**Q** 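Questions regarding the structure given below will be posed in turn.
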Amino acid sequence: MRIENLAVNKNGFAFDPTSGETFTLNETAKEIIEDLARGVEEKEIAKKLSEEYDVTQEEALNDVLDFKEKLKLYGLLP
Amino acid sequence: MIVAISGVNDTDNPGPGIGVARSLKEADSSIKTVGLSYDVQDPGNFMDFVIDKSYVLTYPSQGWEPIFNRLLYIKESYGLDAVIPTLDAELPSYIKYQDDLKEAGIKTFLPNLEQFELRSKENLGDISEVLEISYPKTKKVFNIDQLKKAVNEIGFPCVVKGNYYKAYKAKSLPEAVYYFTEISNEWGFPILVQEIVKGDELNVIGAGDGKGNSLGLVAIKKMTTTHLGKIWNGVTIKHEKLLKVAEDFVGKYKWKGPFELECIVDEDNIILIEINPRFPAWVYFATGVGVNLPKRVLDVMFDKNSDMSGDYESGKMMVRYTYELITDIDKLSELATKGESNGYKNL
């Protein structure tokens with residue numbers, strides 16, 4: 001999983017050392033990527049997000065799943 | 001130690017010479033660099049902080065003898081221990097006559113003719129099979145009828161390219177015919193029609209010792225390029241599969257000398273596009289991240305022990321830039337009238 005190798009700095013700039021691709025992440029994207037790379041479950045990530053932001057767990061889970069699809073498009077997730 | 005280097009045309013379409021010379025100078029400031037130039041106004045002729053002395057040569061198309069005589073003259077008048085040719089057009093002659101140079105006391109470190117032919121685009125399909133990577137669907141054509149058949153089979157857009165030089169993207173049959181004519185008029189046949197493949201353009205620089213061992217490898221991604229496709233900004237990467245392919249290339253073909261692999265990579269699918277049997281123009285990038293291939297090649301040439309460690313960090317960036325150098329016109333006058341620079345430093 002290339003997401004595990006992503007080098008993400010504190011400003012949300014991510015560098016993929018395998019492909020050389022770079023990405024700019026907002027705070028939420030950074031958080032989700034870091035959690036996914038650590039193997040945190042989607043539901044757990046959604047729960048955390050719903051506590052931090054003004055969204056329900058269900059909405060947060062949909063966003064996490066939607067974001068995962070984007071990561072697949074970029075080849076960062078299988 | 002005096003080393004002659006060609007390709008000192010450090011323009012917006014740069015030759016590799018300045019990167020090679022800079023790498024050698026940084027490794028050992030006692031090395032004297034001689035610039036072999038084909039144009040008096042090549043920037044390298046004026047870059048006295050990298051090139052100690054410049055000589056103007058006749059074009060390789062004039063044959064080997066004038067070049068060989070010029071090198072003998074340089075050896076006699078200034079001294080010359082080794083030569084590192086870096087331009088495609090010169091390589092066949094340098095490879096063919098490397099024994100003559102050796103006899104004259106001028107060392108080289110080049111592949112043999114058989115290895116050199118491997119990089120012919122006709123042979124890349126076979127190499128890809130050996131290296132267990134992909135090669136784009138390619139048709140060899142010699143006339144317009146064959147071209148029409150090939151583009152029908154491959155579809156548009158496709159790439160129309162020469163066997164060694166030039167490649168254009170054709171979006172229609174008239175465009176394909178135009179490029180076919182242009183390339184064949186300049187470079188002859190065959191012409192290749194190739195499918196366009198998607199992915200990132202990743203390149204590897206390396207060198208082999210001729211016995212199957214690598215002298216070092218660095219992989220990069222081109223981030224921005226000039227309109228001619230030359231890298232302007234780039235970043236080092238660690239694509240293990242790509243590096244393994246480059247290592248296999250050195251090992252399986254016992255490659256001798258520098259090389260560059262140009263690939264398109266889509267995830268783990270590596271597609272070979274080109275093999276350049278010389279240092280690329282971005283050679284200094286590898287030096288800058290700790291893999292000084294020109295110095296390693298020179299060390300092997302002279303049977304010296306060298307640091308051959310392959311390690312470098314990913315995420316190191318190369319940023320090319322333009323700069324202005326102010327000098328006296330006397331330098332140009334020397335080059336134009338005598339065919340060599342005076343060897344004095346700029347004031």
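Here is how names work: the chains are called A, B, and so on, in the same order as the sequence lines, proteins then strands, and each is numbered from 1. Owing to the predicted nature of the structure, the values given are computational and were not obtained by experimental measurement.
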**Q** Surrounding NZ of Lys48(A) (heavy atoms of other residues, nucleotides or ligands, distance under 6.0 Å), is the total greater than 12?
**A** yes

**Q** Heavy atom to heavy atom, less than 4.5 Å: which residues from residues 192-206 of chain B reach chain A?
**A** Asp200(B), Leu202(B)

**Q** With sequence neighbours excluded, tell me which residues meet salt bridge (Lys or Arg N to Asp or Glu O under 4.0 Å) with Lys161(B).
**A** none

**Q** NZ of Lys252(B): more than 12 outside heavy atoms within 6.0 angstrom?
**A** yes

**Q** Which distance, rounded to the nearest 0.5 Å, do you find between the CE of Met223(B) and the OG1 of Thr22(A)?
**A** 5.0 Å

**Q** Does atom OH of Tyr74(A) have more than 12 heavy-atom neighbours, drawn from other residues, nucleotides or ligands, at distances under 6.0 Å?
**A** no

**Q** Does CD belonging to Glu52(A) count more than 12 external heavy atoms closer than 6.0 Å?
**A** yes

**Q** Between Phe15(A) and Ile237(B), what is the shortest heavy-atom contact and its length?
**A** CZ-CG2, 4.4 Å

**Q** Using only non-hydrogen atoms and a strict under-4.5 angstrom cutoff, which residues of residues 261-271 of chain B touch chain A?
**A** Glu267(B)

**Q** What residues form a salt bridge (Lys or Arg N to Asp or Glu O under 4.0 Å) with Glu21(A), not counting sequence neighbours?
**A** Lys221(B)

**Q** Take a 6.0 Å sphere around CD of Glu51(A) and say whether it holds more than 12 heavy atoms from other residues, nucleotides or ligands.
**A** yes

**Q** Answer yes or no: are there more than 12 heavy-atom neighbours, outside Lys169(B) itself, under 6.0 Å from its atom NZ?
**A** no

**Q** Step through the shown structure and confirm whether more than 12 heavy atoms of other residues, nucleotides or ligands are within 6.0 Å of CD on Glu132(B).
**A** no

